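Heads up: the structure comes next, in structure tokens.
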Amino acid sequence: MKLSHQTIELNPTHPFVIARGGYSHHRNVIVRLADDDGIEGYGEAAPNRYYGESVSTVIAALGQFKPVLERADPFSLESIEAHLNRILRGNASAKGAVSSALHDLVGKRLGLPVFRLWGLDASTTPESSFTIAIAENHELEMRVAEARDYPILKIKLGTDRDMEIVRIVRSAAPKKRLRVDANAAWTAKHAVRMSDFLAEQGVEMIEQPVAANDIEGLRFVRKRSKLPVFADESCLAASDVAKLTGAVDGINIKLAKCGSLREALRMVHAARALDMQVMAGCMIESSLGISAIAQISPLLDYADFDGAALLSNDPFRGTSIAGGTIRLSGEPGLGASPAPSVDLSAAFQGA
Ligand code: MG
């Protein structure tokens with residue numbers, strides 16, 4: 001296989017601000033793997049500074065993976081993944097892009113969508129939430145109005161006016177299902193106090209109330225909270241799931257954290273074995289990245305696949321979450337392709 005890549009610029013419709021800050025544009029890396037007979041697989045890396053990644057770390061990792069991928073049989077998905085993990089620790093977004101491209105290629109070679117190869121039924125996907133990022137009070141109502149087609153809103157919190165934000169969203173969307181994500185910004189005691197208020201507001205779950213390494217804090221919150229507690233920043237890969245037993249009600253899986261579609265499946269099964277619920281989410285990414293993680297959506301209780309829906313310039317078409325309904329493409333592989341107006345072919349570079 002030949003490995004090449006290109007960097008793309010993604011523009012969210014509004015700056016995407018969470019408790020740690022935010023950006024008005026994002027740069028992701030598209031990975032292409034081309035087999036000798038011309039079949040191509042695509043994947044997207046959404047590097048996140050919080051996890052120590054950037055466009056340059058992704059490109060450097062791809063350079064290290066190239067010799068392995070050039071010699072590999074794409075169907076040897078498990079052994080390729082093990083090999084990449086021996087070469088480099090971490091670098092989950094780069095590995096996730098390679099894993100996506102390999103699965104895309106294998107699915108295209110077999111003429112089947114990846115979710116079908118896994119025996120999954122696309123009609124059993126949960127609805128996706130749509131994120132209301134942190135914004136000034138006067139902007140929040142407008143954001144909620146723009147999200148009118150989405151039945152579930154996920155509100156980003158972790159500010160000194162969290163209650164005000166929730167009240168504004170709730171009064172603008174009195175009937176919608178609401179979730180909140182504090183992105184590790186609260187103390188455990190504050191989270192418990194917030195859970196009483198959030199329960200009164202009809203919020204259905206709290207994501208990552210406390211710091212990523214504060215597992216005892218999660219346990220403290222879960223014991224006292226009226227709402228289910230989910231781990232995101234505390235749960236990167238399958239090896240993190242067991243230590244969260246009893247500390248959370250569920251986990252949030254992302255390709256940019258776990259580094260492969262196979263690891264995402266392992267996380268689902270690890271969580272189920274420990275009686276936990278399962279959610280999957282995304283970073284700011286195009287419909288290519290969303291189409292990759294969405295392959296596991298029939299296995300989920302909750303989905304948060306709005307990364308591409310938040311963009312004003314999505315360069316791919318594939319899985320859609322219009323109106324909150326996850327529609328997996330029936331096309332082979334990940335079912336994603338460049339948008340009609342986009343010509344990506346000229347810009348790929350050898351890694
Ligand atoms: Mg989160």
Side-chain angles (χ1 to χ4, degrees), residues 12 15-23 26 46-53 92-93 96 126-135 143 147 150 152-159 162 165-166 169 177-186 188 190-191 194-195 198 203-215 217-218 221-222 225 227-237 240-241 244 247-259 264 267-268 271 276-285 289-290 293-294 296-297 300-310 321:
F16 190 74
V17 180
I18 66 168
R20 288 186 283 276
Y23 311 98
H26 292 248
N48 194 302
R49 204 182 293 171
Y50 179 75
Y51 296 110
E53 291 191 70
S93 80
E127 284 181 308
S128 174
S129 55
F130 186 88
T131 301
I132 304 297
I134 294 171
R143 304 272 179 100
Y150 293 88
I152 310 167
L153 301 180
K154 173 161 134 179
I155 311 169
K156 290 291 192 181
L157 297 179
T159 70
D162 284 346
I165 291 174
V166 173
V169 174
R177 292 167 64 190
L178 300 183
R179 302 168 184 168
V180 302
D181 185 354
N183 284 110
W186 294 339
H190 182 64
M194 282 299 290
S195 83
L198 294 167
V203 169
E204 64 181 17
M205 68 137 92
I206 303 175
E207 193 177 319
Q208 196 67 44
V210 301
N213 60 5
D214 189 8
I215 308 302
L218 286 172
V221 179
R222 188 200 180 208
S225 165
L227 302 179
V229 176
F230 274 62
D232 180 357
E233 286 88 336
S234 297
C235 190
L236 308 190
D240 296 318
V241 180
L244 290 162
V248 294
D249 295 280
I251 58 163
N252 186 358
I253 300 169
K254 294 175 185 168
L255 205 44
K257 295 189 298 177
C258 75
M267 290 178 82
V268 171
M276 287 186 208
Q277 291 194 291
V278 185
M279 168 180 185
C282 56
M283 304 297 182
I284 293 290
E285 42 198 290
I290 301 301
I293 191 62
I296 70 166
S297 53
L300 304 176
D301 303 301
Y302 301 92
D304 179 30
F305 291 156
D306 62 353
L310 296 165
I321 65 149

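Counting convention: from 1, in listed order, for ligands and their atoms alike. In what follows, every heavy atom counts, from backbone to side chain, and hydrogens, waters and symmetry copies are set aside. Predicted model, so just to flag it, every value in this text is computed and none were measured.
Every residue meeting the side chain to side chain contact (heavy atoms under 4.5 Å, CB included) condition with A280, not counting sequence neighbours, appears here in chain and number order: I253, I293, I296, L300, F305. Remark: S234 engages Q208, A212, I215, L218, A231, L244 in a side chain to side chain contact (heavy atoms under 4.5 Å, CB included) (not counting sequence neighbours). With sequence neighbours excluded, the residues forming a side chain to side chain contact (heavy atoms under 4.5 Å, CB included) with Q277 are F230, D301, Y302, listed by chain and number.
Salt-bridge check for D232 with K254: passed, with a basic side-chain N closer than 4.0 Å to an acidic carboxylate O.
Of all protein N/O/S atoms, those lying under 2.8 Å from the Mg ion (ligand 1) come to 3.
For the atom pair OG of S129 and CD1 of I155, the computed distance is 11.0 Å after rounding to the nearest 0.5 Å. The line from CZ of R179 to CG of D304 is 7.5 Å long, rounded to the nearest 0.5 Å.
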